[in-house]
Amino acid sequence: MRTSLDIPDPLFKHLKTRAAQEGRTLRDLVIELVERGLSAREVVDPQKRFQARPPVIPYQGPLPLDLGKWTNADLYELINEEDDERTIRPLGRG
């Protein structure tokens, strides 16, 4: 069956380039991608689709810091220290 589709120019160029790189026709590539997308589609219960699940954060008591006494500069420094620690640990330096 024949049909017409309006495909955005950047996407069309991407498809055309990929088809050329793979030595295939644009038609064959598009058919494969559509078939793959349809077969990979996850079946979702329509009733559950829009139910948001809020994250569960266990209660750990009040914060140990009195944030009212901290300046913005103090808080930024604390954040940056934690970022530095997270960066250094994977590098084997912590």
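- The nearest pair of heavy atoms linking Leu29 to Leu15 is CD2-O, 3.4 Å.
- Taking CG of Asp9 as the reference point, atom NE2 of His14 lies at 14.5 Å (rounded to 0.5 Å).
- Separating the NZ atom in Lys13 from the CD1 atom in Ile7 is a distance of 13.5 Å, to the nearest 0.5 Å.
- A distance of 13.0 Å separates CZ of Arg27 from CD of Glu32, quoted to the nearest 0.5 Å.
- For the atom pair CG of Asp28 and CD of Glu22, the computed distance is 10.5 Å after rounding to the nearest 0.5 Å.
- Nearest heavy atoms, Leu26 versus Phe12: CD2-CE1, 3.4 Å.
- In this structure, CZ on Arg24 lies 7.5 Å from CZ on Arg18, to the nearest 0.5 angstrom.
- Residues Leu38 and Ile31 fall into different hydrophobic clusters, defined by Ile, Leu, Val, Met, Phe, Trp and Tyr side chains chained together at heavy-atom separations under 4.5 Å.
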